[in-house]
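Keep in mind it's a predicted model, so treat the numbers as computed, not measured. Proteins come first, then strands; the chains are lettered A, B, ... in the order of their sequence lines, and each starts at number 1.
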Amino acid sequence: MRIEDRRNTPLFPIGIVIQLTELTARQIRYYEEHQLVKPVRTKGNQRLFTFNDVDRLLEIKDLLEKGFNLSAIKHYLEEQEKTKETLKERTVKKELSQRELRKRLKSEIMQAGKNGKASLIQGELSRFYPQHKR
DNA sequence: ATTCTTACA
DNA sequence: TGTAAGTA
């Protein structure tokens, strides 16, 4: 999950963001007021934007040019955020369950090796192989 | 030189 | 949104 960290690393002062997005400082600060982006502040109170913030601002600009108002864009981005987090959660759960599965398989295999009888999981797995007459 | 806030057009 | 003023 290193790439994600990079995209969320505060890097750009507003001057760079202005060049990257071709938005004015006024606009960028205004969007921040409305919580569409949340740049962190340095000790000197200067804003630092992340790569994701820049992407976000570009999307805001695009939607604005297509005629959407700020509140609509805000709702849109919130939904997009929810969806994104849900997908991420599912991925995490999947990874956890697969790790758990491997752990159980290993345990069962070692157990079966000791007492020679079919393990519980072998019984479970047989369901996925129709050629095994049951 | 840059950025920040506030306030008014 | 743009811009001017006074700061940090």
Derivation of the side-chain hydrogen bond (donor to acceptor under 3.5 Å, both in side chains) call for A:Thr50 and A:Asn52: CA-CA 5 Å; A:Thr50 69; A:Asn52 279 333; 5.0 Å; no
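For the side chain to side chain contact (heavy atoms under 4.5 Å, CB included) test, residues two or more places apart in sequence or in another chain that qualify with A:Glu22 are A:Lys61.
Every pair passing salt bridge (Lys or Arg N to Asp or Glu O under 4.0 Å) that includes a residue from residues 24-35 of chain A is listed here, sequence neighbours excluded: A:Glu32-A:Arg41, A:Glu32-A:Arg47. A salt bridge (Lys or Arg N to Asp or Glu O under 4.0 Å) check over residues 65-75 of chain A, counting only residues at least two apart or in different chains, returns the pairs A:Asp62-A:Lys66.
The shortest distance between side-chain heavy atoms of A:Val40 and A:Phe49 does not fall below 4.5 Å. Annotation: side chain of A:Leu58 is in contact with side chain of A:Val54 (closest heavy-atom distance under 4.5 Å).
In DNA chain C, the stems built from three or more successive Watson-Crick or G-U pairs (distances below 3.5 Å) are B:4-9 with C:1-6.
Here the range on DNA chain C touched by chain A, meaning any atom under 4.0 Å from one of its heavy atoms, is C:dT1 to C:dT3.
Atom CG of A:Leu48 is separated from atom CZ of A:Phe12 by 10.0 Å, given to the nearest 0.5 angstrom. Residue A:Ile60 holds its CD1 atom at 7.0 Å from OH of A:Tyr31, rounded to the nearest 0.5 Å. How far CD of A:Gln19 is from CD1 of A:Ile14: 12.0 Å, rounded to the nearest 0.5 Å.
No more than 12 heavy-atom neighbours from other residues, nucleotides or ligands sit within 6.0 angstrom of CD1 on A:Ile3.
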Its contact letters, B for base, S for sugar-phosphate only and - for none at protein heavy atoms under 4.0 Å, make nucleotides 3-9 of chain B read SBB----
